[in-house]
Amino acid sequence: MPEKNEIKILFFGTPEISETALSALLRNGYPVRAVVTNPDKQVGREQKITFSAVKETALKNQIETLQPEKLKDPETIKQIKNLKADLIVVSAYGKMIPKEILDSAPLGALNIHPSLLPKYRGPSPIQYPILGGDQETGVTIMLIDEQMDHGPILAQKTFKIASGETGETLSAKLAEEGANLLIETIPLWLDKKISPRPQDESEATYTDLLTKEYGKINWDDDAGKIERKIRAFHPWPGTYTHYKIKDGVKSLKIIKATTASSDEIPEARPCGSVFLTADRRMTVKTSKGYLILEELQLEGKKPMRAAEFLRGRPEIVGKILT
RNA sequence: CGCGGGGUAGAGCAACGGUAGCUCGCAAGGCUCAUAACCUUGAGGUAGUGGGUUCGACUCCCGCCCCCGCAA
């Protein structure tokens, strides 16, 4: 096996979760020859140009950084091939990588995917298991081929989804576990101690790229489903409903909620109605069960606990959220 | 200069060109078998900040700081 400090790695990645993997490689003494990350974007209220998490780390470590708009561009491909990388590692880069580039690394192209492939291929593998109420999820290290998250599996690790798990907490865990598994897997792969195992296509499922739209609450769903959505989509893309006040209809984010099946509730109310339980908790009727709101944020305001919200806007009781 | 909301008692909010109220909390007392029940009383705000208009501004105008929603 080649010494690990001789392997030139080309790393593809963009957000926070990829940064964890990049840092792990660096920490473990792998020479990262260059990093490919998405172009800087205008972000935030001021529309400031912001670097990706991966670019920040690359800059700190004085690693060459490429930010091509299109990977298929012949110039770009040439540029990347000229780096003469031995091994490609990809983590949430955000674009499909052309075969020509993948094939240019003699030791192969590895991908970290934060789900138990072949389940949850695609851009939102972290949120979907929570959304679906799965008991467990995991991370997979696989070889990349031309189809999205389709290549043979090198290693996989499973773990339980804790109750109360959110997209945020699960993402942190998967980032960590994924990076660890990568570090464990690379030497075995280079030593040819792993034989890639093809994915079972009949088991494959796919995830969509999440947008704000997905975060809108439908109060005609059942409370359990809504509660899972709130956890899965925290903090991105967030979960919201609408509340009508005198200045117009405002969006109301639901940050945290729990379900309840209490039966002391007037059945005649429509779904989305807000009422107080006997112990004065803010509750919303759904098609099946009730949702107790714990933390919420009105448009333009800071996040606050339901009790605080109620102090300032007691009139919400009896209203209908849409 | 992407669009927009907001900074008023410990917390959440309101009103008004003439020196601020509500709910909760807090303190003291009362009532009760009892309650995140009820009744009394009380403490607590130089209104983000600097300037301007005005007889007079928390309320109108301008600058600055800070917080937040949308968008990306």
Side-chain angles (χ1 to χ4, degrees), chain A residues 13-19 37-56 65 67-70 92-95 122-124 126-127 166-168 171 207-219 226 229-258 260 262-266 272 274-284 290-322:
Chain A
T14 299
E16 206 99 355
I17 190 169
S18 347
E19 194 281 331
T37 191
N38 266 334
D40 302 333
K41 284 189 307 184
Q42 292 191 320
V43 165
R45 220 129 32 205
E46 310 301 326
Q47 295 290 285
K48 280 183 187 138
I49 298 290
T50 308
F51 298 165
S52 73
V54 162
K55 181 173 175 180
E56 293 284 1
T65 304
Q67 299 182 273
E69 198 64 58
K70 290 182 71 176
Y93 170 55
K95 289 183 168 73
S124 308
I126 298 174
Q127 290 84 356
T166 66
E168 188 174 37
S171 182
T207 64
D208 294 332
L209 184 62
L210 297 175
T211 64
K212 280 275 180 188
E213 251 326 282
Y214 283 71
K216 184 163 166 42
I217 292 175
N218 176 6
W219 295 107
I226 296 171
K229 186 173 189 169
I230 292 167
R231 282 191 288 120
F233 289 4
H234 177 78
W236 172 259
T239 314
Y240 65 95
T241 184
H242 295 289
Y243 171 44
K244 196 170 164 187
I245 57 178
K246 64 169 189 273
D247 337 2
V249 178
K250 301 269 186 178
S251 74
L252 181 66
K253 285 190 179 178
I254 310 297
I255 297 166
K256 193 171 178 219
T258 53
S262 94
D263 20 57
E264 53 187 299
I265 309 308
V274 179
F275 55 88
L276 290 182
T277 58
D279 54 357
R280 312 183 57 75
R281 291 194 292 175
M282 189 172 171
T283 307
V284 185
Y290 304 92
L291 202 68
I292 296 172
L293 307 187
E294 298 191 337
E295 248 179 278
L296 48 170
Q297 180 178 24
L298 189 63
E299 185 179 329
K301 292 299 205 172
K302 295 181 186 181
M304 64 184 83
R305 307 192 48 85
E308 294 169 329
F309 187 91
L310 246 19
R311 269 178 228 150
R313 300 178 184 279
E315 78 284 351
I316 195 173
V317 175
K319 296 283 171 53
I320 298 170
L321 301 175
T322 53

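First the proteins, then the strands, lettered A, B, ... as listed; each starts at 1.
Atoms CG and CD1, from A/L293 and A/I230 in turn, are 7.0 Å apart once rounded to the nearest 0.5 Å.
The side chain of A/M304 has B/rC13 as its nearest neighbour among B/rA71, B/rA11, B/rC13. The side chain of A/E308 lies closest to B/rG12, out of B/rG12, B/rA36, B/rC70. With B/rA11, B/rG2, B/rC13 as the choices, the nucleotide that has an atom nearest any side-chain atom of A/Q47 turns out to be B/rG2. Taking every side-chain heavy atom of A/R313 into account, B/rC13 is the closest of B/rA71, B/rG69, B/rC13. The A/D279 side chain lies nearest to B/rA36 when the options are B/rG6, B/rA36, B/rG12. Taking every side-chain heavy atom of A/S251 into account, B/rG69 is the closest of B/rU23, B/rA71, B/rG69. Counting only heavy atoms from C-beta on, A/R311 has its side chain closest to B/rU23 among B/rA36, B/rU23, B/rC13. Of all nucleotides listed (B/rG6, B/rG69, B/rG10), B/rG69 comes nearest to the side chain of A/Q297.
To the nearest angstrom, C1' of B/rG12 lies 11 Å from CG of A/L296. Atom pair A/K250:NZ and B/rC13:C1' shows a separation of 14 Å (rounding to whole Å applied). When the P atom of B/rA72 is taken as reference, atom CD of A/E213 falls 12 Å away, rounded to whole Å. Regarding A/L298, its CG atom lies at a distance of 13 Å from the P atom of B/rG7, rounded to whole Å. Between the NZ atom of A/K302 and the P atom of B/rG5 there is a distance of 18 Å, given to the nearest Å. Distance, A/R305 CZ to B/rA36 C1': 14 Å, rounded to whole Å.
Residues A/R281 and A/E299 both approach RNA chain B. Their nearest nucleotides, taken by heavy-atom distance, put A/R281 toward the 5′ side.
Between A/K256 and A/E295, no side-chain nitrogen of the basic residue sits less than 4.0 Å from a carboxylate oxygen of the acidic one, so the salt-bridge criterion is not met.
Screening residues 42-52 of chain A for salt bridge (charged side-chain N to carboxylate O under 4.0 Å, His left out) gives no qualifying pairs among residues at least two apart or on separate chains.
For A/K301, no side-chain nitrogen or oxygen approaches OP1 or OP2 of B/rG12 to under 4.0 Å. Between B/rG69 and A/K253, a contact under 4.0 Å exists linking OP1 or OP2 to a side-chain N or O.
In this structure, A/R45 reaches the bases: a heavy-atom distance under 4.0 Å links it to at least one base atom across the strands shown.
Here the side chain of A/T37 pairs no donor or acceptor atom with the backbone of A/K55 at under 3.5 angstrom.
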